[in-house]
Amino acid sequence: TCGICVEKCPFDAIEIINLPQELENDPSHRYGENAFSLYGLPVPEEGQVTGILGPNGIGKTTAVRVLAGELVPNLGQHEEPPDWDDVLDEFRGTELQDYIAAVRDGDVSVARKPQYVDEIPGQFDGNTRQLLDRTDERGELDYLVERMEIGPVMDQNIDNLSGGELQRVAIAACLARDADFYFLDEITPYLDIGQRMTVARLIRELAEEGDRSMLVVEHDLAILDLLADTLHVAYGSPGAYGVVTDPKSVRNGINEYLSGYLENENMRIRPNPIEFEEHAPRPVSTADTLVEYPDISKSYGEGEFSLDVEGGEIRRNEVLGIVGPNGIGKSTFAKLLAGSLEPDEGNLDFALDIAYKPQYIDIDQPMRVDAFLSSITDQFGSSYWNTEIAEPLQLERIMEQNLTDLSGGERQRVAIAATLSESADLYLLDEPSAHLDVEQRVQATSAIRRYAEQQNATVLVIDHDMYMMDLLADRLMVFDGEPAEHGHAGQPQEMRAGMNEFLSNLEITFRRDERVGRPRINKPDSQLDRQQKKDGEYYYSV
Ligand code: ADP
Ligand code: ADP
């Protein structure tokens with residue numbers, strides 16, 4: 001190890017990771033001798049949305065407990081912990097002074113949206129209406145329910161909600177509160193792009209009312225970019241120490257994060273930059289056909305959801321991205337291909353072995369991760385498997401844990417590993433980005449791509465994170481229609497045509513950041529937005 005990480009360097013880049021200067025100062029909080037230390041704190045600002053960008057396990061929750069007044073930061077003096085007056089002295093003259101003074105005086109009220117919404121049913125008995133009524137402190141509940149389209153599930157038991165519904169209910173419950181400080185730990189898992197943008201707008205609206213501060217942790221960079229006014233990058237060694245930088249402009253913060261180098265901090269956080277294709281990737285013309293499928297239709301019954309799929313081909317060795325709103329039939333299509341559902345019309349009798357990772361992961365056997373994975377592949381533990389699967393998915397340090405004890409992000413990584421470890425003709429991954437932090441998304445993306453190339457595998461990926469889709473997919477399949485009623489799936493097409501079709505359905509255009517070429521969502525009705533819509537170029541520049 002390089003001396004700062006407690007385990008193997010996550011970036012295989014020991015020589016170029018320099019020791020952060022912050023570590024020479026006292027931390028804001030240290031849990032004990034040789035325990036996790038947090039350096040710096042995010043600065044909530046009234047009337048603003050402050051973003052935090054960084055991996056899990058880096059101290060975000062610790063920081064929020066301090067800002068919520070639940071934890072007096074010990075400034076590294078865990079043997080003789082200071083009180084709030086000492087802490088205030090320490091922060092005098094900094095941007096946090098007024099905020100800490102208010103915390104000391106008990107003047108800060110806090111509303112929170114937890115990271116793992118899947119845990120809510122275990123903590124609450126009752127229906128959606130009962131949950132939301134308890135949090136309706138501003139009298140704005142009806143508005144939130146309407147904007148987030150929660151109406152249809154108001155009388156449903158919380159136990160029966162899907163992950164996407166739970167996410168919207170949890171966000172509405174947080175935003176309905178009357179607080180000075182709102183903390184939302186991830187807003188996008190299980191939501192489609194339209195829903196992500198609606199939530200981002202609602203958070204901004206609440207901030208713009210004036211004196212409330214919003215703090216948001218988010219790993220979907222396109223949404224974070226749209227949502228935040230300022231950004232703290234968090235870095236370090238998960239479980240060992242975390243550094244929260246001073247606030248940066250959102251544009252610079254994301255650009256520096258992608259480039260792998262934080263300028264003010266003179267800190268390299270990743271050996272290589274993450275780069276996007278400004279122009280549509282070149283067509284892959286040489287690939288063989290893995291399977292051709294005919295027109296398919298499927299209905300769940302009279303008056304129930306129905307899906308029509310245009311016949312098309314899936315190519316050997318490609319990563320085919322699948323995009324479209326929630327409730328439009330993407331999982332239904334996956335199940336048809338996997339043979340777990342029979343089509344009403346169209347014969348899908350092509351005897352393909354399909355490995356499928358569903359959106360909502362259900363791996364709850366009382367079994368250790370290593371035992372579970374070795375039951376799937378006899379490659380388990382081989383140097384190939386370790387390099388291609390275990391390392392990029394950061395499985396080493398959870399191998400000995402029980403499946404039942406895993407967090408959402410850990411469960412996701414195990415499920416992706418399990419699916420890719422199966423021997424199959426076609427790998428189907430439904431929302432692999434959910435609950436992965438931004439660094440894990442980057443690593444998972446390259447693991448999936450490399451796996452497709454090296455194993456001659458064909459991978460279908462359903463996801464709503466546009467950055468991940470851009471980095472991952474060779475071609476796109478676009479679903480549209482009326483969610484929960486009728487869905488239509490077009491043929492797989494080249495990235496440019498696919499992005500244009502998908503984004504024109506959503507009426508969203510992207511521009512390119514001048515410095516690093518990353519895509520940024522245009523303000524609706526801005527000059528660029530109107531021009532690009534006129535030209536029919538929603539994503540890639542010409
Ligand atoms: P994040 O929210 O970024 O995932 P946390 O703030 O929850 O990170 O945790 C950061 C680190 O601090 C973790 O390694 C966690 O195990 C450790 N930690 C959290 N609470 C305590 C505690 N009360 N005592 C000791 N270590 C803790
Ligand atoms: P997506 O994956 O695009 O979110 P799905 O294929 O999961 O969409 O679902 C499409 C629609 O079909 C949704 O309205 C869903 O509630 C409905 N649906 C899914 N499974 C069934 C089923 N077994 N019976 C009746 N309706 C279903």
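- In this structure Asp89 satisfies the side-chain hydrogen bond (donor to acceptor under 3.5 Å, both in side chains) test together with Arg92, sequence neighbours excluded.
- Between Glu218 and Arg196 there is no salt bridge, since no side-chain nitrogen of the basic residue lies less than 4.0 Å from a carboxylate oxygen of the acidic one.
- With hydrogens and angles disregarded, no donor-acceptor distance shorter than 3.5 Å links the side chain of Arg212 to the backbone of Phe181.
- Using modelled atom types, no side-chain atom of Asp225 and backbone atom of Val250 make a donor-acceptor pair closer than 3.5 Å.
- Taking the six-membered ring where the residue is Trp, Phe36 and Tyr31 present tilted rings, their angle falling between 30° and 60°.
- The closest side-chain heavy-atom distance from Tyr539 to Met495 is not below 4.5 Å.
- With a 6.0 Å radius and a threshold of 12 heavy atoms from other residues, nucleotides or ligands, Glu514 has its CD atom at or below the threshold.
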| said: Between Thr50 and Leu231, does the side-chain contact (heavy atoms from CB on, under 4.5 Å) criterion hold? Intermediate values first, please. | reply: CA-CA 6 Å; Thr50 305; Leu231 188 64; over 6 Å; no
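- Between the side chain of Lys113 and the main chain of Ala172, no donor-acceptor pair closer than 3.5 Å is present.
- Distance alone, capped at 3.5 Å, places no donor-acceptor pair between the Arg65 side chain and the Leu71 backbone.
- Counted within 6.0 Å of CD on Gln97, heavy atoms from surrounding residues, nucleotides or ligands total more than 12; the atom is thus considered enclosed.
- A salt bridge does not link Lys60 with Glu186: every distance from a Lys NZ or Arg NE/NH1/NH2 to an Asp or Glu carboxylate oxygen is 4.0 Å or more.
- A 4.5 Å side-chain heavy-atom check between Met197 and Ile223 finds at least one atom pair inside the cut-off.
- Closest non-hydrogen pair, Leu38 versus Gly40, comes out as CG-O, 3.7 Å.
- Separation of atoms CD1 (Ile203) and CG (Leu226) is listed at 10.5 Å; rounding is to 0.5 Å.
- Shown here is Gln123, whose CD atom has more than 12 heavy atoms of other residues, nucleotides or ligands within 6.0 Å.
- Counting heavy atoms of neighbouring residues, nucleotides and ligands inside a 6.0 Å radius, atom CG of Asp83 exceeds 12 of them.
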| request: Go through Thr245 and Asn264 one step at a time and tell me if the side-chain contact (heavy atoms from CB on, under 4.5 Å) criterion holds. | output: CA-CA 9 Å; Thr245 67; Asn264 282 347; over 6 Å; no
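- Of the charged side-chain nitrogens involved, none lies within less than 4.0 Å of a carboxylate oxygen, so that Glu391 and Arg450 do not count as a salt-bridged pair.
- Salt-bridge formation is detected for the pair Arg270/Glu439: a Lys NZ or Arg NE/NH1/NH2 atom is positioned less than 4.0 Å from an Asp or Glu carboxylate oxygen.
- Taking a cutoff of 4.0 Å between a charged side-chain nitrogen and a carboxylate oxygen, Lys523 and Asp529 do not qualify as a salt bridge.
- In this structure, Glu400 places its CD atom where only 12 or fewer heavy-atom neighbours from other residues, nucleotides or ligands lie under 6.0 Å away.
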| said: Go through it in stages, so that I can follow the logic: the residues are Ile100 and Glu90, the test is side-chain contact (heavy atoms from CB on, under 4.5 Å), and I'd like the CA-CA distance, side-chain angles, deciding distance and then a yes or no. | reply: CA-CA 10 Å; Ile100 299 272; Glu90 183 70 19; over 6 Å; no
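- Taking the side chain as every heavy atom from C-beta outward, Pro238 and Arg397 approach each other to under 4.5 Å.
- Note on Asp474 versus Arg449: salt bridge recorded, some NZ/NE/NH1/NH2 to OD/OE distance being below 4.0 Å.
- A 4.5 Å side-chain heavy-atom check between Arg204 and Val49 finds at least one atom pair inside the cut-off.
- In terms of heavy-atom proximity, Gln412 sits nearest to Leu436 at CG-CD2, 3.8 Å.
- Here the closest non-hydrogen pair linking Pro432 and Asp463 is CD-OD2, 3.1 Å.
- A pairwise comparison of heavy atoms in Glu79 and Glu33 identifies OE2-OE1, 4.3 Å as the closest pair.
- A salt bridge links Arg251 to Asp513: one of the charged nitrogens lies within less than 4.0 Å of a carboxylate oxygen.
- Distance alone, capped at 3.5 Å, is enough to place a donor-acceptor pair between the His219 side chain and the Val438 backbone.
- The two residues Ser109 and Asp178 come nearest to each other via the heavy atoms OG-O, 3.9 Å.
- The shortest heavy-atom contact between Arg413 and Gln440 is NH1-NE2, 3.0 Å.
- Panel note: side chain Gln401, backbone Ile398; no donor-acceptor pair is recorded below 3.5 Å.
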| request: Test Tyr190 against Tyr360 for ring-ring contact (aromatic ring centres under 6.0 Å, His included), laying out the working first. | output: CA-CA 9 Å; Tyr190 311 134; Tyr360 305 118; 4.9 Å; yes
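- At distances below 3.5 Å, at least one donor-acceptor pair connects side-chain atoms of Gln167 with backbone N or O atoms of Pro189.
- Judged by distance alone, the side chain of Asp220 and the main-chain N or O of Asp465 form no donor-acceptor pair under 3.5 Å.
- Using a 4.5 Å heavy-atom cutoff, the side chains of Tyr451 and Ile389 are in contact.
- In this structure, Gln195 and Met148 have side chains that are not in contact, with every pair of non-hydrogen atoms separated by 4.5 Å or more.
- Side-chain contact between Thr419 and Ile416: absent, with no pair of heavy atoms (C-beta onward) separated by less than 4.5 Å.
- The shortest distance between side-chain heavy atoms of Leu67 and Val110 does not fall below 4.5 Å.
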